[in-house]
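Some notes on the structure that comes next.
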Number of protein chains: 2
Amino acid sequence: MTTRTGRRGEARERVVQAAVRLIARHGVEGTSLQMIADELGVTKAAVYHQFQTKEDIVVAVVRPIFGELLDAVDAAERRPTRAAQVDAGIRGLIDVLLRHREIAAAFAGDPVIFNVVRADAELNGLVERMGLLLAGPDPDPATRIAVSLVGSGVAAGAADPALTDLDDDTLREGLLVCARRALGLPDNG
Amino acid sequence: MTTRTGRRGEARERVVQAAVRLIARHGVEGTSLQMIADELGVTKAAVYHQFQTKEDIVVAVVRPIFGELLDAVDAAERRPTRAAQVDAGIRGLIDVLLRHREIAAAFAGDPVIFNVVRADAELNGLVERMGLLLAGPDPDPATRIAVSLVGSGVAAGAADPALTDLDDDTLREGLLVCARRALGLPDNG
DNA sequence: GTCTATATAGGGATAGAC
DNA sequence: GTCTATCCCTATATAGAC
């Protein structure tokens, strides 16, 4: 099952990383197994040795990032006050997306990823927890709109090709200020 | 070229409308000519009678919406003060996206549409004019980030399936307030 | 872990009849 | 304006050798 030249799961991880790069540029539907194989310099069959289906690759791309988001949501929910929870939630979301700047846009807009998330109760539940964290229970329309705009806007901003010249810290600070304003929060935490 | 049963371009328009619905849900790459044909109850060949290539269909979907955006940018640039220009720009952008709520998300995130726009000097120039309108010349990083977040966030918000229960006016008001805040503008125009 | 080879389906696109 | 039929290519996926 494994070779002695590599640690367990190394080839698998290479597939995931290649998939991330390609999906970021072409979207899930625009990324073929052939493209992934070419990126790695192997054949499609080698990719299929690691994953049974293309969807499995998408899941392998999405899951770990949602894992990081889960940690962020867990930590945010443990904060004592609502204000601190919102603050930690928005910071956590931005941090996760910045650690995955390349692929962040696909999380906001790719229809396949959208469906993968929606079809998975665990992933879907996490999205709802994040929404509840930022919007609170029974939010009014204005709040719902703000959360929607900020969520998508932060993801798209983190991945925006026009902002690749900005380093992570500059981008984090800018997104944070902008998101807090959009949500109608005071300018500091 | 035309039949006596329909006005000129009627079938062509039906193809565009079907494409809009499908692209909104599945993205450009996730939408096949077969799907468009099935949606209309015709064959692929009938669709090809109206458009030579799939990309032509995408262009026909994108162009008229950019036409509306062009009008909005033109009008905004004629305003006397910078503040009025920004205000008209953001209002115009939101209005155009709300008139096309279904497909709005694809304009923010679909890789194929992104490339179609980037490859067309006219469309690309319009995007740059809108950016200049909102950010001004030589914007600092914070402003560039805010414009990026607002642009994508407004498009995604207008199309968000979670907000389909809100009518256009509620959504317009919410997006406007939120966008103005994110850009650091005073709460009214 | 990777290869060649292949099965099967669907994609975009064209030719020519009605 | 639409149809049938077809071409060619690429897609996902599998089988079995090395």
Side-chain angles (χ1 to χ4, degrees), chain A residues 1-62 106 110-113 115-116 119, chain B residues 1-62 106 110-113 115-116 119:
Chain A
M1 288 276 234
T2 59
T3 65
R4 74 166 46 128
T5 58
R7 284 180 297 282
R8 215 183 298 105
E10 219 178 52
R12 196 180 159 93
E13 187 53 32
R14 278 199 301 273
V15 170
V16 171
Q17 287 168 1
V20 165
R21 285 192 294 274
L22 291 165
I23 290 172
R25 200 175 293 262
H26 307 287
V28 174
E29 293 271 11
T31 300
S32 69
L33 292 168
Q34 187 65 64
M35 291 164 74
I36 295 173
D38 288 348
E39 178 96 354
L40 297 171
V42 299
T43 63
K44 283 187 291 181
V47 176
Y48 269 107
H49 181 70
Q50 307 295 335
F51 295 94
Q52 287 193 334
T53 67
K54 184 183 176 182
E55 184 170 328
D56 288 347
I57 299 177
V58 175
V59 171
V61 167
V62 169
D110 191 283
V112 175
I113 293 184
N115 284 326
V116 164
Chain B
M1 291 272 236
T2 60
T3 66
R4 74 168 46 128
T5 58
R7 285 180 295 281
R8 218 183 295 107
E10 220 178 51
R12 196 181 158 93
E13 187 53 33
R14 278 199 301 273
V15 170
V16 172
Q17 286 169 2
V20 165
R21 285 192 294 274
L22 291 165
I23 290 172
R25 200 175 293 262
H26 307 287
V28 174
E29 292 271 11
T31 300
S32 68
L33 292 167
Q34 187 65 64
M35 290 163 75
I36 295 172
D38 289 347
E39 178 97 354
L40 296 171
V42 299
T43 64
K44 281 191 291 181
V47 176
Y48 269 107
H49 181 69
Q50 307 295 334
F51 294 94
Q52 287 192 333
T53 68
K54 185 184 176 182
E55 183 169 329
D56 288 348
I57 300 176
V58 176
V59 171
V61 166
V62 170
D110 191 285
V112 176
I113 293 184
N115 284 325
V116 164

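Keep in mind the model is a prediction, meaning the values are calculated, not measured. So you know, we letter chains A, B, ... as the sequences are listed, proteins then strands, and number each from 1.
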(request) May I have the step-by-step check of side-chain contact (heavy atoms from CB on, under 4.5 Å) for B/R14 and B/Q50, ending in yes or no? (result) CA-CA 10 Å; B/R14 278 199 301 273; B/Q50 307 295 334; over 6 Å; no
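- The minimum heavy-atom distance between A/P111 and B/G27, with the atom names listed, is CG-N, 3.7 Å.
- Under 4.0 angstrom from either OP1 or OP2 of D/dT2 there lies no side-chain N or O belonging to B/T43.
- To the nearest 0.5 angstrom, A/K44 atom NZ is 12.0 Å from A/K54 atom NZ.
- As rounded to whole Å, 14 Å separates atom C1' of D/dC3 from atom CD of B/Q50.
- One distance of note links OG1 of A/T43 with NE2 of A/H49; it measures 11.0 Å at 0.5 Å rounding.
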(request) I would like to know whether A/F51 and A/V16 meet side-chain contact (heavy atoms from CB on, under 4.5 Å); could you show each step before the answer? (result) CA-CA 10 Å; A/F51 295 94; A/V16 171; 3.8 Å; yes
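- If you measure from atom NE2 of B/H49 to atom P of D/dT4, you get 16 Å, rounded to the nearest angstrom.
- In this structure, CZ of B/F51 is placed 12 Å from P of D/dT2, rounded to the nearest angstrom.
- Each of B/E39, B/H26, B/R21 was checked for a side-chain contact (heavy atoms from CB on, under 4.5 Å) with B/T31, and the lone residue meeting it is B/H26.
- Protein atom NZ of A/K44 is 8 Å distant from nucleotide atom C1' of D/dT10, rounded to whole Å.
- Across A/V28 and A/V112, no two heavy atoms sit closer than the pair CG1-CG1, 3.6 Å.
- As a whole-Å value, the separation of A/E29 CD from C/dG12 P is 11 Å.
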Any protein N or O atoms within reach of nucleotides 15-18 of chain D? Criterion: under 3.5 Å, listing atom names and distances.
none

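- To the nearest angstrom, P of D/dG1 lies 13 Å from CD of B/E13.
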(request) For the pair B/L33 and B/I57, evaluate side-chain contact (heavy atoms from CB on, under 4.5 Å) and give the outcome as yes or no after the intermediate values. (result) CA-CA 10 Å; B/L33 292 167; B/I57 300 176; 3.5 Å; yes
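- Distance from the side chain of A/A11 is smallest for C/dG1 among the nucleotides C/dC3, D/dC3, C/dG1.
- Rounded to an integer number of Å, the gap from B/D56 CG to C/dA13 C1' is 12 Å.
- Residues of residues 31-40 of chain B that place a heavy atom closer than 4.0 Å to DNA chain C, in numerical order, are B/T31, B/S32, B/L33, B/Q34.
- A donor N or O paired with an acceptor N or O is not found under 3.5 Å between the base of C/dG11 and the side-chain atoms of B/K54.
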(message) Could you walk me through whether A/D110 and A/E29 satisfy the side-chain contact (heavy atoms from CB on, under 4.5 Å) test, starting with their C-alpha distance in whole Å, then the side-chain angles of each, then the deciding distance to 0.1 Å, before giving a yes or no?
(response) CA-CA 9 Å; A/D110 191 283; A/E29 293 271 11; 5.8 Å; no
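- Using a 4.0 Å heavy-atom distance criterion, B/R14 is classed as a sugar-phosphate-only contact.
- Regarding A/Y48, its OH atom lies at a distance of 16 Å from the P atom of C/dT2, rounded to whole Å.
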